[in-house]
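Side chains are part of it too, since the values below use all heavy atoms of this structure and drop only hydrogens, waters and symmetry mates. One is the number of the first residue; the rest follow in order along the sequence.
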Amino acid sequence: VQLQASGGGLVQAGGSLRLSCSVSGIPLSGYHMGWFRQAPGKEREFVVGVRRSSSITFYADTVKGRFAISRDIAKNTAYLQMNSLKPEDTAVYYCAASRTASYSAYYGSTNAYNFWGQGTQVTVSS
């Protein structure tokens with residue numbers, strides 16, 4: 001199983017980026033998907049998640065209204081569209097896949113995810 005995150009980079013505050021998470025070895029349609037981020041010296045934190053069997057999504061309050069998760073089942077790829085970026089969004093972003101039956105209860109916990117990508121750096125300059 002491999003999750004390959006890409007699309008990170010350096011962007012000015014107010015700009016946009018779209019991250020991709022290419023999944024191989026498992027069917028994206030059978031897994032809940034999440035994005036997390038980790039800034040230097042901080043714990044990994046939940047950003048956004050989506051349930052596998054529906055379009056029900058969950059967002060951290062800090063990104064609500066600015067970020068959006070989507071999936072292309074045919075390409076087995078998940079995306080994170082990030083708009084109105086702020087310097088505090090600077091972090092390494094990780095995609096992750098989960099098969100937990102209780103996703104709606106545990107989507108924000110790293111322990112709920114079975115597979116992780118390697119991370120992609122997002123830097124937002126002020």
Side-chain angles (χ1 to χ4, degrees):
V1 178
Q2 233 181 354
L3 280 68
Q4 183 76 31
S6 62
L10 174 64
V11 64
Q12 287 190 330
S16 298
L17 280 175
R18 189 177 80 154
L19 306 184
S20 299
C21 178
S22 179
V23 179
S24 60
I26 55 173
L28 189 59
S29 58
Y31 285 77
H32 317 294
M33 290 298 297
W35 287 91
F36 286 73
R37 66 187 181 186
Q38 188 166 17
K42 295 187 176 181
E43 291 187 353
R44 193 169 297 190
E45 65 174 5
F46 170 78
V47 176
V48 61
V50 60
R51 287 183 54 159
R52 65 181 173 217
S53 59
S54 70
S55 296
I56 294 176
T57 53
F58 307 93
Y59 290 91
D61 288 343
T62 52
V63 306
K64 202 171 292 183
R66 301 188 296 122
F67 290 14
I69 188 171
S70 61
R71 296 171 295 174
D72 186 327
I73 299 301
K75 293 183 178 180
N76 226 40
T77 300
Y79 302 96
L80 179 63
Q81 178 67 42
M82 305 186 295
N83 299 324
S84 301
L85 282 161
K86 304 176 181 180
E88 50 263 45
D89 294 318
T90 295
V92 177
Y93 283 71
Y94 299 89
C95 57
S98 168
R99 277 198 66 90
T100 179
S102 305
Y103 188 70
S104 294
Y106 299 109
Y107 60 85
S109 170
T110 56
N111 293 329
Y113 295 83
N114 306 93
F115 304 106
W116 290 83
Q118 86 289 359
T120 184
Q121 176 71 46
V122 172
T123 303
V124 184
S125 63
S126 57

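Residues Phe115 and Val1 have side chains in contact (heavy-atom distance under 4.5 Å, counting atoms from C-beta outward).
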Test Trp116 against Arg44 for side-chain contact (heavy atoms from CB on, under 4.5 Å), laying out the working first. CA-CA 12 Å; Trp116 290 83; Arg44 193 169 297 190; 3.4 Å; yes
Go through the steps to decide whether Val122 and Leu17 satisfy the test side-chain contact (heavy atoms from CB on, under 4.5 Å), and finish with yes or no. CA-CA 9 Å; Val122 172; Leu17 280 175; 3.9 Å; yes
Please test Gln2 against Val23 for side-chain contact (heavy atoms from CB on, under 4.5 Å), starting from the C-alpha separation and ending with a verdict. CA-CA 6 Å; Gln2 233 181 354; Val23 179; over 6 Å; no
Checking Met82 against Val47 for the side-chain contact (heavy atoms from CB on, under 4.5 Å) test, could you report, in this order, the C-alpha distance in whole Å, the side-chain angles of both residues, the deciding distance, and whether it holds? CA-CA 11 Å; Met82 305 186 295; Val47 176; over 6 Å; no
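Among all heavy-atom pairs drawn from Ala13 and Ser126, the shortest one is CB-CA, 4.3 Å. The heavy-atom pair separating Ser98 from Tyr113 by the smallest distance is CB-CD2, 3.6 Å. Contact detail for Leu19 and Gly8: the closest heavy-atom pair is CD2-N, 3.5 Å. Tyr94 and Gly117 make their closest contact through CD2-O, 3.6 Å (heavy atoms, listed as atom of the first residue, atom of the second, distance).
For Phe46, the ring-ring contact (aromatic ring centres under 6.0 Å, His included) test picks out Phe36, Tyr107, with sequence neighbours left out. The side-chain contact (heavy atoms from CB on, under 4.5 Å) check on Gln121 picks up Thr90, Val92, Thr123, with sequence neighbours excluded. Lys64 pairs by the salt bridge (charged side-chain N to carboxylate O under 4.0 Å, His left out) definition with Asp61, not counting sequence neighbours.
For the atom pair OH of Tyr93 and OG1 of Thr120, the computed distance is 10.5 Å after rounding to the nearest 0.5 Å. A distance of 8.0 Å separates CD1 in Ile69 from OG1 in Thr57, rounded to the nearest 0.5 Å. For the atom pair CD1 of Ile26 and CG of Asn76, the computed distance is 7.5 Å after rounding to the nearest 0.5 Å. Here Arg52 contributes atom CZ and Leu28 contributes atom CG; the two are 11.5 Å apart, rounded to the nearest 0.5 Å. Atom OG of Ser125 is separated from atom CG of Leu10 by 5.0 Å, given to the nearest 0.5 angstrom. Atom OG1 of residue Thr100 and atom OH of residue Tyr106 lie 8.0 Å apart, to the nearest 0.5 angstrom.
Without hydrogens or angle criteria, His32 side chain to Gly49 main chain gives no donor-acceptor distance under 3.5 Å. At least one donor-acceptor pair closer than 3.5 Å links the side chain of Thr77 to the backbone N or O of Lys75. For the pair Gln118 (side chain) and Ala5 (backbone), a donor-acceptor distance under 3.5 Å is present. Between the side chain of Arg71 and the backbone N or O of Ala78 there is no donor-acceptor pair closer than 3.5 Å.
No path of Ile, Leu, Val, Met, Phe, Trp and Tyr side chains, each step under 4.5 Å between heavy atoms, connects Tyr79 with Val50, placing them in separate hydrophobic clusters. Connection of Ile56 to Trp35 is not established within any shared hydrophobic cluster, with ILVMFWY side chains joined at heavy-atom distances below 4.5 Å, either directly or through further cluster members.
Among residue pairs with one or both ends in residues 27-37, those qualifying as salt bridge (Lys or Arg N to Asp or Glu O under 4.0 Å) are Arg37-Glu45, Arg37-Asp89; sequence neighbours excluded. Note on residues 13-125: pairs passing disulfide (SG to SG under 2.5 Å), not counting sequence neighbours, are Cys21-Cys95. Within the structure, the side-chain hydrogen bond (donor to acceptor under 3.5 Å, both in side chains) test picks out the following pairs touching residues 3-20 (sequence neighbours left out): Ser16-Asn83.
For the pair Arg51 and Tyr103, the cation-pi criterion (under 6.0 Å, within 45° of the ring axis) is not fulfilled.
Heavy atoms from other residues, nucleotides or ligands lying under 6.0 Å from OH of Tyr59 number more than 12.
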